[in-house]
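Below: the structure, in structure tokens.
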Amino acid sequence: KLREKAVFLVSQKRGGDVEDILLSTARNDPSSKVRDQAVFWLSQVPSERALGYLEDILKNTNDEKVADKAIFAISQHNSARASQMLRDYALNQNAEFKLRDKAIFWLGQRHGTENTQFLKDLYARERDAKIKDKIIFALSQQGGNGSWLMNLGTNENETVEMGKKALFWAAQSRST
């Protein structure tokens with residue numbers, strides 16, 4: 001418990017030592033809870049080094065909880081590289097559904113034409129109805145996608161279920 005609290009306290013400080021301490025803790029602490037917390041708090045360290053470590057976690061961990069925290073931490077980094085990492089993970093059909101869902105969700109929270117277009121293109125390629133549903137929701141959260149959702153909802157090539165979901169979110173949209 002003391003080390004968990006220490007990780008939080010360190011994360012609230014600024015300076016080069018914070019990154020070193022969090023990275024070392026995330027890699028080496030004997031407690032999985034403490035390592036999880038260190039990964040989570042790397043979201044507050046906007047460096048390429050921290051982002052590289054988070055990317056390594058996504059590529060190499062079998063621990064879904066740690067990967068979930070890494071996706072969150074990446075989503076908090078405001079960089080083109082972080083967006084690309086989320087897009088790459090969203091494309092990974094071998095990834096756990098929950099984790100792909102999180103990557104798609106966080107892409108929907110990032111406004112910008114590149115992520116919006118990526119989600120639309122992913123929707124067109126995706127075969128998994130659950131993932132398609134998550135993409136519809138993510139796009140509905142960005143605003144400005146009402147027309148796309150309406151077109152999807154009236155597209156005869158879409159399933160009735162996807163069409164209904166798209167129309168529902170289009171109706172909730174404030175703008176087209």
Side-chain angles (χ1 to χ4, degrees), residues 1-112 114-116 118-119 121-123 125-142 165 169:
K1 287 284 186 193
L2 183 60
R3 285 195 320 276
E4 286 178 53
K5 290 186 187 291
V7 168
F8 169 74
L9 292 172
V10 166
S11 75
Q12 301 306 297
K13 301 294 179 190
R14 297 292 164 244
D17 290 351
V18 170
E19 180 179 29
D20 292 338
I21 293 167
L22 289 175
L23 285 170
S24 176
T25 303
R27 288 184 178 121
N28 304 315
D29 197 274
S31 166
S32 65
K33 284 181 108 177
V34 174
R35 287 191 310 271
D36 286 354
Q37 287 299 304
V39 170
F40 176 84
W41 288 112
L42 281 170
S43 65
Q44 303 297 309
V45 180
S47 75
E48 286 297 312
R49 185 171 156 219
L51 208 50
Y53 177 68
L54 294 167
E55 182 177 37
D56 186 56
I57 288 173
L58 281 185
K59 289 180 178 178
N60 297 310
T61 190
N62 293 325
D63 186 333
E64 190 176 318
K65 285 176 61 179
V66 172
D68 181 39
K69 287 183 175 53
I71 288 172
F72 170 77
I74 291 166
S75 77
Q76 301 304 297
H77 284 253
N78 192 19
S79 71
R81 182 176 177 210
S83 286
Q84 186 60 54
M85 289 166 60
L86 292 173
R87 289 191 297 268
D88 290 345
Y89 203 81
L91 282 171
N92 184 354
Q93 294 185 337
N94 295 322
E96 292 290 325
F97 169 79
K98 287 183 196 177
L99 298 174
R100 277 187 83 197
D101 171 21
K102 296 280 176 86
I104 290 166
F105 172 81
W106 289 115
L107 286 167
Q109 300 302 304
R110 289 174 173 250
H111 301 286
E114 194 171 5
N115 289 326
T116 300
F118 168 81
L119 289 170
D121 293 345
L122 180 59
Y123 183 90
R125 286 192 306 265
E126 187 61 46
R127 298 293 161 239
D128 186 314
K130 291 178 184 175
I131 293 293
K132 289 179 103 164
D133 180 31
K134 299 302 181 179
I135 295 168
I136 289 171
F137 177 76
L139 286 166
S140 76
Q141 298 303 292
Q142 288 185 335
K165 290 175 184 196
W169 287 114

Within this structure, what is the CZ-NZ distance for the pair R35 and K69, rounded to the nearest 0.5 Å? 12.0 Å

Donor-acceptor pair between Q84 and R87 side chains, under 3.5 angstrom: yes

Non-hydrogen side-chain atoms of K134 and F105 separated by less than 4.5 Å: no

Just verifying a value: how many Å separate F97 CZ and D128 CG, rounded to the nearest 0.5 Å? 6.5 Å

Least distance between heavy atoms, V18 atom then S11 atom: CG1-CA, 4.4 Å

Any V45 side-chain heavy atom under 4.5 Å of L51 side chain: no

Looking only at non-hydrogen atoms, find the nearest pair between A103 and A90 and report the distance. CB-N, 4.1 Å

Distance in Å, T61 OG1 paired with D63 CG, rounded so as to fall on 0.5 Å steps: 5.0 Å

If you measure from CH2 on W169 to CD1 on I136, what distance do you get to the nearest 0.5 Å? 10.5 Å

Trace of the side-chain contact (heavy atoms from CB on, under 4.5 Å) decision for Q44 with Q76: CA-CA 7 Å; Q44 303 297 309; Q76 301 304 297; 5.5 Å; no

Nearest 0.5 Å, please: how far is NZ in K13 from CD1 in I21? 11.0 Å

Partner of I104 under side chain to side chain contact (heavy atoms under 4.5 Å, CB included), picked from L99, L119, L86, is L119

Intermediate values then yes/no, side-chain contact (heavy atoms from CB on, under 4.5 Å), D20 and R49: CA-CA 10 Å; D20 292 338; R49 185 171 156 219; 2.6 Å; yes

Please report the closest heavy-atom contact between M85 and L54, naming both atoms and the distance. CE-C, 4.4 Å

Considering all heavy atoms, the nearest L58-A67 contact: CD2-O, 3.7 Å

Using side-chain heavy atoms (C-beta onward) and a distance below 4.5 Å, is P46 in contact with N78? no

Identify whether the distance between the nearest side-chain nitrogen and carboxylate oxygen of E96 and R100 falls below 4.0 Å. no

Looking only at heavy atoms, which two atoms of A73 and S43 are closest? And how far apart? CA-CB, 3.5 Å

Would you say the side-chain atoms of T116 pair up with the backbone N or O of G112, donor to acceptor, closer than 3.5 Å? yes

Do other residues, nucleotides or ligands put more than 12 heavy atoms under 6.0 Å from the NZ atom of K102? no

Aromatic plane relationship, F72 with F40 - under 30° parallel, 30 to 60° tilted, over 60° perpendicular: parallel

Is there a donor-acceptor contact under 3.5 Å from the side chain of D56 to the main chain of G52? no

Heavy-atom side-chain contact between R3 and S31 under 4.5 Å: yes

Measure the shortest side-chain to side-chain distance between S75 and Q109 over non-hydrogen atoms and say whether it is less than 4.5 angstrom. no

Counting distance only, does the side-chain N/O of H77 pair as donor-acceptor with the main-chain N or O of L42 below 3.5 Å? yes

With the side chain counted from C-beta on, respond yes when L91 and R125 share a heavy-atom pair under 4.5 Å apart, and no when they do not. yes

Check whether any side-chain heavy atom of Q12 sits under 4.5 Å from a side-chain heavy atom of W41, and report yes or no. yes

